[in-house]
Amino acid sequence: MLSENGLLGLERGDAETKETEESEIHTFARLAGEQPVPTGPAERFLQAELDLNARLRTLTFGEPVRYTYNPIEYAWETHSCYVKTYCQPGQSVLFLGMNPGPFGMAQTGVPFGEVNSVRDWLKITGEVGHPPEEHPKRPILGLACKQSEVSGARFWGFFRKQCGEPRNFFRHCFVHNLCPLIFMNHTGKNLTPPELPAAERDALLRHCDTTLCQVVTALAVSMVIGVGKVAEQRARRVLSEAGLLQVRVEGILHPSPRSAQANRGWEAVARAKLEELGVLQLLTPS
């Protein structure tokens, strides 16, 4: 497994690859009955994701990747329910993850989307379909998935304790993943973007970088908090290169069970950092 610090050496590629690519009306959005005309923050956010999906469909991934899932496509109903319900004006803080987990967003379409939190606290509803090809060990069961994702349970569980009701979190904060894709090898093992071959990884992240800048601009956030060093370092680099210097980039410990520090008490570490950043006071129930 590549360490989180392993993303520090990623290269962005040639300048000409940074050209803005034009938006298009996407087939699955039409089938879902969406009208991708950006008006409010939620609509602008969804349109940026639709544009990203169109670009990502032009990419191919070789070994060690055997399976690629995109929950923004097959879980469009639940994902758009999340965005339309909770993406709103006045949100100054964007929590940024790296990419979906197999028992979180891959199942629900929601970042850090542990099923119980998504269904019972966030009250997200909708049908979840299937990717074109599924690994037999990683079937998509949607909101009926019985396996809990530890990272998502820790993440949303902390904010549930802190905020009480979702509206107290989403008054000032929103949660997004840099990359919408989940990758697996032939055994079903999860592969993070840093583990992809360099050329494929760089092409993928260039597209994701563009969308991050669009999302930050569309939501007019003043702070991005990377959940884990990978997301924090990528956001700091990307926003700086894009000239979005007014956006402060910080980070909190990732709640992954692979982290010894997180296993010793992630909530206490996260609470202390968010208090230091002045974010904890924004989450107090009114």
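Starting from 1, each residue takes its place in the sequence as its number. What's counted below: heavy atoms across the whole structure, side chains too, no hydrogens, waters or symmetry copies.
In this structure, the side chains of F159 and L274 come closer than 4.5 Å at one or more pairs of heavy atoms. Contact check for N168 versus E165: side-chain heavy atoms found under the 4.5 Å cut-off. Here the side chains of F45 and H176 are in contact, with some heavy-atom distance below 4.5 Å. Inter-residue side-chain proximity for F155 and W266 is flagged as met; some heavy-atom pair is nearer than 4.5 Å.
Looking at S240, its side chain never comes within 3.5 Å of a backbone N or O of R237 through a donor-acceptor pair. Without hydrogens or angle criteria, N185 side chain to G188 main chain gives a donor-acceptor distance under 3.5 Å.
Judged purely by distance below 3.5 Å, without hydrogens or angles, the side chains of Q47 and D51 pair a donor atom with an acceptor atom. Side-chain contact of H79 with E73: a donor-acceptor pair under 3.5 Å is absent, judged by distance alone. One side chain, N263 or R154, offers a donor N or O that lies under 3.5 Å from an acceptor on the other. Side-chain atoms of T211 and R55 form a donor-acceptor pair, as typed in the model, at a separation below 3.5 Å. Between the side chains of T192 and E195, at least one donor N or O sits under 3.5 Å from an acceptor N or O.
Electrostatic pairing of R248 and E250 counts as a salt bridge here, judged by a charged N lying under 4.0 Å from a carboxylate O.
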(request) Would you check, one step at a time, whether the test salt bridge (charged side-chain N to carboxylate O under 4.0 Å, His left out) holds for R236 with E232? (result) CA-CA 6 Å; R236 180 172 287 112; E232 177 189 351; 3.2 Å; yes
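Taking all atoms of both residues into account, the shortest heavy-atom contact from C213 to L239 is SG-CD2, 4.1 Å. What you find for G129 and I140 is that their closest heavy atoms are O-CG2, 3.5 Å.
Relative orientation of the Y82 and F174 rings is parallel, given thresholds of 30° and 60° on the angle between their planes.
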In a table with atom names and distances, give each donor-acceptor pair under 3.5 Å that connects a side chain of residues 96-114 to protein atoms at least two apart or in another chain.
residue : atom : partner : partner atom : Å
N99     : ND2  : L181    : O            : 3.0
Q107    : OE1  : L141    : N            : 2.7
Q107    : OE1  : G142    : N            : 3.1
Q107    : NE2  : P102    : O            : 3.2
Q107    : NE2  : P139    : O            : 3.1
T108    : OG1  : G104    : O            : 3.2
T108    : OG1  : V110    : N            : 3.3
T108    : OG1  : G113    : O            : 3.0
E114    : OE1  : N116    : N            : 3.4
E114    : OE1  : S117    : N            : 2.9
E114    : OE1  : S117    : OG           : 2.8
E114    : OE2  : N116    : ND2          : 3.1
E114    : OE2  : S148    : OG           : 2.9

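To the nearest 0.5 Å, atom CG of residue L178 and atom CG of residue D209 are 6.0 Å apart.
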